[in-house]
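Here is the structure we will look at, set down as structure tokens.
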Amino acid sequence: IKGGYAAAASDLLDRAESEPDLDEKDQIALARVRATMAEFAGSPDDSMDLIKPWIARALRIDQRLFTPTIVMYADLGIRTNRPHAWADLDGWLNDVTLHESVLQLLHSTCKAKTGRAPGEFDAPEPVDPVAMTLAGGIARQLGDYDLSRRLCRDAGQMARTTGALGA
């Protein structure tokens, strides 16, 4: 996307989106890439609008695969000063059984941000560097800075130890 390749990337996304046999997972993944492009282009508002229609479906299709997309919506809500993002997420997260610990923690944050008691977080902590980093950011939103620091530190150590430096 950097270095003047945004137009080429956009063209490739247009071509991919015009494929007649895309399933919903592919459509959501393409929306995420387009939203990431908008974010890097300096338009987090557009980025948020691009993924919003897909969040509820992503939660039903594959929570593990789309957890980063769902957390991206929360992060964009903070950065664009759209507090309704917490209520949006709270509603979507209420409508499904949450299997991912990061999403359970995010749901607690949504409750706290919308004026309800966050409840106890009793899910196991995530065990991969990406999920740990996401959970660390969410814990920071809840004001649990010790948990946030620990999760982010442990994610970095795990990524180095396992060779997952891209994570």
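Numbers for residues simply follow the sequence, beginning at 1. Not measured: the values here are computed from a predicted model.
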Q) Which residues satisfy the salt bridge (charged side-chain N to carboxylate O under 4.0 Å, His left out) test with R79, sequence neighbours excluded? A) E39, D75
Q: For D23, check side-chain contact (heavy atoms from CB on, under 4.5 Å) against everything at least two apart and list the hits.
A: K25, D26
Q.
Looking at every heavy atom in both R15 and S18, which two are closest together, and how far apart are they?
A. O-OG, 2.8 Å
Q: First locate atom CD1 of I55, then atom CD1 of I28, and finally report the distance between them rounded to the nearest 0.5 Å.
A: 8.5 Å
Q.
How close do S47 and A35 get, counting heavy atoms only, and between which atoms?
A. OG-O, 2.7 Å
**Q.** Separation between CD1 of I70 and CZ of R32, rounded to the nearest 0.5 Å
**A.** 10.0 Å
Q) Do L147 and R140 have side chains that get closer than 4.5 Å, going by heavy atoms? A) no
**Q.** Candidate list L151, D144, V71, test side-chain contact (heavy atoms from CB on, under 4.5 Å), partner I138, passing option
**A.** V71
Q: Locate the shortest heavy-atom distance separating V102 from A135; write the atom from each residue and the value.
A: CG2-CB, 4.1 Å
Q: Measure the spacing between CG of L50 and CG of L76 and express it to the nearest 0.5 Å.
A: 10.0 Å
Q.
If you define the side chain from C-beta out and look only at heavy atoms, does anything of K113 sit under 4.5 Å from L89?
A. no
Q | Any residue meeting salt bridge (charged side-chain N to carboxylate O under 4.0 Å, His left out) with K52, in chain and number order, not counting sequence neighbours | A | D88
Q | Any side-chain heavy-atom pair of R116 and C110 under 4.5 Å | A | no
Q | Check: S10 side chain, A6 main-chain N or O, donor-acceptor pair, under 3.5 Å | A | no
Q) So which pairs with a foot in residues 67-96 pass ring pair (Phe, Tyr, Trp, His ring centres under 6.0 Å), sequence neighbours left out? A) Y73-W92
Q.
Using a 3.5 Å distance criterion without hydrogens, assess whether the side chain of E100 forms a donor-acceptor pair with backbone atoms of Q63.
A. no
Q.
How long is the straight-line distance from CG of L98 back to NE2 of H107, given to the nearest 0.5 Å?
A. 6.5 Å
Q. Of all residues at least two apart in sequence or in a different chain, which pass the salt bridge (charged side-chain N to carboxylate O under 4.0 Å, His left out) check with D49?
A. R82
(Q) Quick check on R64: does its CZ atom have over 12 non-hydrogen neighbours (other residues, nucleotides or ligands) under 6.0 Å away? (A) no
Q) Which heavy-atom pair separates G137 from S148 by the least distance, and what is that distance? A) N-OG, 4.5 Å
**Q.** Interatomic distance, L30 atom CG to L22 atom CG [nearest 0.5 angstrom]
**A.** 6.0 Å
Q: Output the distance between atom CG (L105) and atom CG (L134), rounded to the nearest 0.5 Å.
A: 10.5 Å
Q: Mind listing the closest non-hydrogen atom pair of A31 and I51 along with its distance?
A: O-CG2, 3.9 Å
Q: Could you list the residues that satisfy salt bridge (charged side-chain N to carboxylate O under 4.0 Å, His left out) with R34, not counting sequence neighbours?
A: D14, E17
(Q) Whether the side chain of D11 engages the backbone of A7 through a donor-acceptor N/O pair (distance < 3.5 Å, no angle test) should be reported. (A) no
Q: Flag the pair L59 / L103 as yes when at least one side-chain heavy-atom distance between them is below 4.5 Å, and no otherwise.
A: yes
Q | Taking every non-hydrogen atom, the tightest pair across G77 and A85 | A | CA-CB, 3.9 Å
